[in-house]
Amino acid sequence: MPLELTEGVLEHLDLVTILACRLVSRALRTCVDTSMKLQYLIALAANGMQDGPPGNFDLAERFSMLQKHEEAWRNLQWSEVTTIPIGRFGKLHGNVWAHWSSDTKISFCQLPSRLRAIEQRSWEVECGLPLPGFGIDPSQDLLVLVERHRTTNPQRHIHFRSLSTGQPHVNARSVTLTIPDKLQIHAEALDIQVFDDRVGIRHSPELRHGLCAVTIWDWKTGSLELCFYMRGSLFIFLDKSHVLSSIGGHLTVYYLPQRPSAVDLNPKTPFCTFNPTHRDPDWTDEEYSFESQAYRSYGHDVTAPFSPAPEDGVILGTINVSDHRYGHVIHHKLSIKFQTLRAHITRLHALTRPPGGHVLPWHTWGHDSMIGNGQRLRVSINGMRCVFTEPGRRLDSGQLGAFCDFHPLRVRRASNSSEEAAGRQIAVPRPSSPQFHSILLMLSADAILCRTLLFEDGSLKESLMIFIF
Amino acid sequence: MPTIVSVDDSTVPGEGSSRLLLLVSSDNKHIVVEEDIMSRSRFISKQVEGFEATSQRHAILLPFSSFVLNKVIEYCSHYRGYYLLEDDPDAAPPGRSPVREWDQEFLDVDRNMLLRIIKAAHYLEIKSLVGSCARAIADMIRGKTTEEMREILGVENDFTPEEEHSPSSKCTG
């Protein structure tokens with residue numbers, strides 16, 4: 001077969017098969033080793049990236065940008081530092097910083113990237129609603145607004161708008177959804193997640209049991225697809241049909257069939273539960289919590305040469321242990337990759353489901369590592385990378401926090417040893433100027449964000465410093 | 001050397017139909033096909049441009065069997081009049097070819113046939129068909145052992161023992 005045909009076949013394959021092809025024959029090995037396209041595909045997979053849409057950059061440019069991107073993140077060498085206004089109730093949504101510029105107006109800032117050639121872009125959307133809860137998905141140009149609860153008007157609505165214009169979204173059949181009375185959710189929308197056709201809303205907890213109701217909707221058809229209750233703040237789509245949350249320190253997975261037969265408003269039992277009870281004789285009074293800010297940060301940067309692979313992700317769990325021998329609380333962090341969770345779920349789908357759902361005890365999870373030094377850490381996660389800050393850390397220290405990568409291939413290439421393969425942790429250096437106090441580190445796909453206090457004209461000013469890659 | 005056959009333009013049927021081409025396969029079968037069916041092939045299009053320039057229409061000789069040629073014509077007939085991005089010489093080259101359901105069924109043939117079709121499509125410069133065949137071959141070898149891949153692709157293990165066990169790739173370190 002001519003070389004270019006072989007190349008055409010191999011470019012459809014995954015990393016493992018491409019590498020296996022190198023062992024088939026000399027011609028195939030030469031093809032893999034000399035083809036820039038295949039080398040680029042190998043580098044994409046090894047970096048947890050996927051190729052972007054064609055057009056803006058040719059292959060050589062993409063490859064060279066990817067190599068620079070990898071090197072910059074490996075050594076935490078950002079391209080530039082800039083500051084943007086932090087705004088009122090500012091929050092990071094994937095790669096977009098959003099805050100309220102007035103009671104009814106949201107201000108968005110698309111964070112730039114030098115190494116992926118994404119421009120910084122700011123725009124405002126007038127919602128016409130007083131401070132609703134909102135969620136976004138830039139890849140679908142979707143802005144979800146959930147009205148606030150008012151005793152005078154118990155009928156609340158969910159609105160699906162265009163993220164760029166604020167107008168009703170063209171793909172939503174029923175643009176305004178009413179939350180059914182039957183759910184009796186008087187709580188506000190705390191967290192709104194979007195995955196393709198599905199929108200999940202986590203409502204604020206009811207007072208008696210501290211449980212949050214979660215409702216999942218198909219935003220295109222307007223149907224309510226699932227309702228369940230959870231405790232804690234972890235709530236993300238693991239993939240199209242699995243939602244991950246936590247209840248009482250357990251990690252729970254809810255299953256959403258592709259086309260639910262009938263809309264059932266009764267709370268669902270989980271598909272499976274990861275039970276973290278550890279029973280280490282030295283550990284007592286354990287308390288567990290899980291966290292992740294897994295936003296789908298890919299797809300929307302249509303001009304970028306490559307984007308983070310959508311299937312990658314990691315959840316960090318915290319175990320707080322009261323150690324009676326020493327009389328203090330120790331905090332441990334463990335990481336579980338999405339890939340590991342998905343493998344468990346695929347395996348469990350082949351088995352008969354018990355009435356309360358499958359239960360996986362601690363030792364069968366395959367959690368990947370323990371990090372941290374016993375201190376309480378604040379974490380921000382993007383894909384498989386995360387940054388930590390230690391609240392109360394001395395402000396004059398030379399570092400802002402720590403950066404950790406959990407991507408197995410990136411880590412292996414960076415450290416060249418298998419011991420570190422579980423997670424690679426390096427310090428985020430503190431820039432020498434300007435003088436500032438750092439409060440919190442956050443992570444997007446292309447930047448480390450640092451919430452800071454700056455002294456300006458004799459007064460303290462809060463702002464957002466971004467280290468752009 | 002096969003004989004060159006002239007095609008008379010008077011064979012054009014009714015108004016509005018496209019002109020005819022005579023294709024000759026390696027087993028010397030003569031196949032008459034409408035020109036616009038084959039316009040998806042860059043190779044054929046270039047030949048036709050040549051005909052226009054010299055006002056002489058010849059048979060087009062192809063180095064593969066009528067069995068394969070008929071399969072390619074079936075593909076081209078199916079997509080007659082359809083726009084496929086990969087076949088547009090003016091469009092930016094797309095990334096991987098998209099999955100097309102009809103193609104998957106159409107290419108559900110044994111591996112030898114698949115390899116012959118991809119070579120024919122390559123010769124005829126039909127990028128969309130090359131892409132679909134490449135995808136089909138890739139589906140065959142995905143997850144297979146190196147020994148199985150050799151069998152599917154019909155290649156020999158030509159490594160020396162040392163070469164075979166050299167580090168698998170510089171990229172995964």
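Small disclaimer: the values here were computed from a predicted structure and weren't measured. In what follows, chains are A, B, ... by sequence order, proteins preceding strands, each numbered from 1.
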Side chain, backbone, both or neither: which part of [X] has a non-hydrogen atom closer than 4.5 Å to chain B?
| X | value |
| --- | --- |
| Val16(A) | neither |
| Leu59(A) | neither |
| Glu4(A) | side chain |

Heavy-atom pairs under 4.5 Å with chain B are the metric here; pick the option from Ala27(A), Ala45(A), Ser25(A) that has the most.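 Going by pairs under 4.5 Å, I would pick Ser25(A).
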
Can you say whether Glu147(B) sits under 4.5 Å from chain A via the side chain, the backbone, both, or neither, judging by heavy atoms?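 Neither; nothing under 4.5 Å.
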
Check whether Leu115(B) gets within reach of chain A through its side chain, its backbone, both or neither, counting any heavy atom under 4.5 Å.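 Interface part for Leu115(B): side chain.
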
Would you say His344(A) and His349(A) are linked by a side-chain donor-acceptor pair, where the criterion is simply a distance under 3.5 Å?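 Looking only at side-chain atoms, His344(A) and His349(A) do not form any donor-acceptor pair under 3.5 Å.
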
Among Gly131(B), Gly143(B), Ala138(B), who wins on heavy-atom pairs under 4.5 Å with chain A?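 Option with the top pair count is Ala138(B).
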
For chain A, the option from Leu153(B), Asn157(B), Ile118(B), Asp139(B) that forms the most heavy-atom pairs under 4.5 Å: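 The candidate making the most pairs under 4.5 Å is Ile118(B).
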
Show your working on salt bridge (charged side-chain N to carboxylate O under 4.0 Å, His left out) between Arg19(B) and Glu52(B) and close with a plain yes or no. CA-CA 12 Å; Arg19(B) 295 198 286 189; Glu52(B) 312 277 306; 2.5 Å; yes

Classify the angle between the aromatic ring planes of His58(B) and Phe51(B) as parallel (below 30°), tilted (30 to 60°) or perpendicular (above 60°).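 Geometry flag for Phe51(B) against His58(B): perpendicular rings.
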
Would Arg385(A) pass as a cation-pi partner of Trp73(A), given that its NZ or CZ must be under 6.0 Å from the six-membered ring centre and within 45 degrees of the axis?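 So Arg385(A) does make the cation-pi contact.
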
Between Tyr79(B) and Arg100(B), is there a cation-pi geometry (under 6.0 Å to ring centre, at most 45° from the normal)?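 Yes; both conditions hold, so Arg100(B) lies above the ring face of Tyr79(B).
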
Look up atom CD1 in Ile126(B) and atom OG in Ser132(B), then write down how far apart they are to the nearest 0.5 Å.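 Reported to 0.5 Å precision, the distance equals 11.0 Å.
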
